[in-house]
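Just so you know, these numbers use all the heavy atoms, side chains as well, and skip hydrogens, waters and symmetry mates. In each ligand, atom 1 is the first atom listed, and ligand 1 is the first ligand listed.
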Amino acid sequence: LQASPSIAFRHRFVGLHCSSDSACFRSLSFSSSLRNFSPKSLENIKSLQTHRVNTVLRVASSFEQMEVDISVSPRVNSVKPSTTLAISDQAAALVQAGVPVIRLTIGESDFNTPAVIAEAGIDAIREGYTRYTPNAGTLELRSAICQKLKEENGISYTPDQILVSNGAKQSSIQAVLAVCSPGDEVIIPAPFYVSYPEMARLADATPVILPTHISKNFLFDPKFLESKLTDKSRLLILCSPSNPTGSVYPRKLLEEIAQIVARHPRLLVLSDEVYEHIIYAPATHTSFASLPGMWERTLTVNGFSKTFAMTGWRLGYLAGPKHYVAACGKIQSQSLVWPWLIMDQNDLDVMGGLPYITEDAEEMVCETPETACESDGFPKDVSVASLTRDDEAVMTFAGEASVKGAAKNASASSISQKAGVAALGLGYAGGESASTMVKAFQERRDYLVKSFGELEGVKISIPQGAFYLFLDFSSYYGAEAEGFGMIKDSESLCRYLLDKAQVALVPGDAFGDDSCIRISYAASLSSLEAAVDRIKKALITL
Ligand code: PMP
């Protein structure tokens, strides 16, 4: 063997990564230094392998190990890891070890995606509808979303004011990144969805937390909001119905909030409405953008995960004024998949081996020649020569450069988008499948409220929506549990309940309220009954 550095490194890689003889054989056959060998039998290969590994180790050890810089950006260091995931992981590990843990940690419906939706996805695959779509989502889905927002929410949008994404979470972070500058303040009522403050931090903005109290159903006094606003306030994040509390903002309260927002020219509102249809009468949902003067100020985030039990399909969207939506589209187009373009003129740029147009690529998304020309930032002297598919056009720029195809493939899955169209076709508020699911959630909510109401020292705000109960267990803090130690906060109480009752719950601390813990009732009534029984037994011993 010749100890050329490149070969030695390749051997080192091969030697340390072979998990089977056949894998080694395949790897060896690619090794240039061993090409002349023609192993006739497995024995030959094995002895060759042993010889090679020994040699490689000898060669490798003679290389000086360079120290690798393992630091990560301060931005990442400022982000807290998700406690929800930490407890879920711990519970999952226990389940894997055979411990019968009841997991009530997950923000995911236990219902299956309705069959009609699933079939639409399957049909899309069968029909070969498996390619990139426009970055902003298909015109078909965006039109269906516009219709839904008009009919159900009373808000008017056109398809170019909709950006389809891989879920409401992606829509939210893109919105925060798009509108916040470093040093801006993001106002977040607590208890909050765990990701909001971290999204603000990722945008180098400062989360400003508005604490609320269980005795007020976790709703804030608008005057309190006003006292927190400064000229740095850029975004107020509202989530109704709320994760984790299940609180629903009444219309009157939203109107009062809107009046305050209207007095602050820089202030925008991100309204996360993913649980809009998981709501229990008499509570009703009001879209913030539908309030007088708020359309211009609001970025409405919604998705398919909750209403249609489609968490794994990864489909959500943002609706808002075009300038913000276009900015979010820009982030999406550059952060997911590199846009592809097929060029036939060399006055366009090339980066990373891929040709690209020096204009903002996502602006090239078009469905018709007319919309292409209208797109903001799109070169005005463009003319579209022909349209080959709904997502592929041949365009000519000032009669010089021409481009075939368009940059648009940071889109959500084409299959999920077809399924999303079917979902929106199910009828008002998600149709019958959604109302069946909501009925089941309501029954579970009622059961849990009644059961925990019987426990002394537990405070409850009856949730009006979503599928969570956020209970104040703080009267148990300070108790000494035998064989466990002191229960001092929501985190230790959750660990105690996982340990003693084998029920996994999420500490309120993760949501900005350490006095509470969150129970997800997206689980069967029988497992909720078993969980309550176990929790009560574990708490009685305290
Ligand atoms: N917003 C809230 C308030 C949520 O609870 C969740 C899911 N737990 C999301 C957004 C994320 O939804 P998606 O699956 O559409 O990304």
Who pairs with [X] by salt bridge (charged side-chain N to carboxylate O under 4.0 Å, His left out), at least two apart in sequence or on another chain?
| X | value |
| --- | --- |
| Lys450 | Glu454 |
| Lys252 | Glu256 |
| Asp533 | Lys537 |

message: Checking side-chain polar atoms at under 3.5 Å, does Ser527 have a donor or acceptor matched by the opposite partner on Ser524?
response: yes
query: Between Glu276 and Asn153, does any side-chain donor sit less than 3.5 Å from a side-chain acceptor?
result: yes
One line per pair, note the atom names and distance for all nitrogen or oxygen contacts under 3.5 Å between ligand 1 and the protein.
residue	atom	partner	partner atom	Å
ligand 1	1 (N)	Asp272	OD2	2.7
ligand 1	5 (O)	Asn243	ND2	2.7
ligand 1	5 (O)	Tyr275	OH	2.7
ligand 1	8 (N)	Lys306	NZ	2.9
ligand 1	14 (O)	Ser305	OG	2.7
ligand 1	14 (O)	Arg314	NH1	2.9
ligand 1	15 (O)	Ala168	N	2.7
ligand 1	15 (O)	Ser305	OG	3.3
ligand 1	16 (O)	Ala168	N	3.1
ligand 1	16 (O)	Lys169	N	3.0
ligand 1	16 (O)	Arg314	NH2	2.8

query: Does atom CZ of Arg263 have more than 12 heavy-atom neighbours from other groups under 6.0 Å away?
result: yes
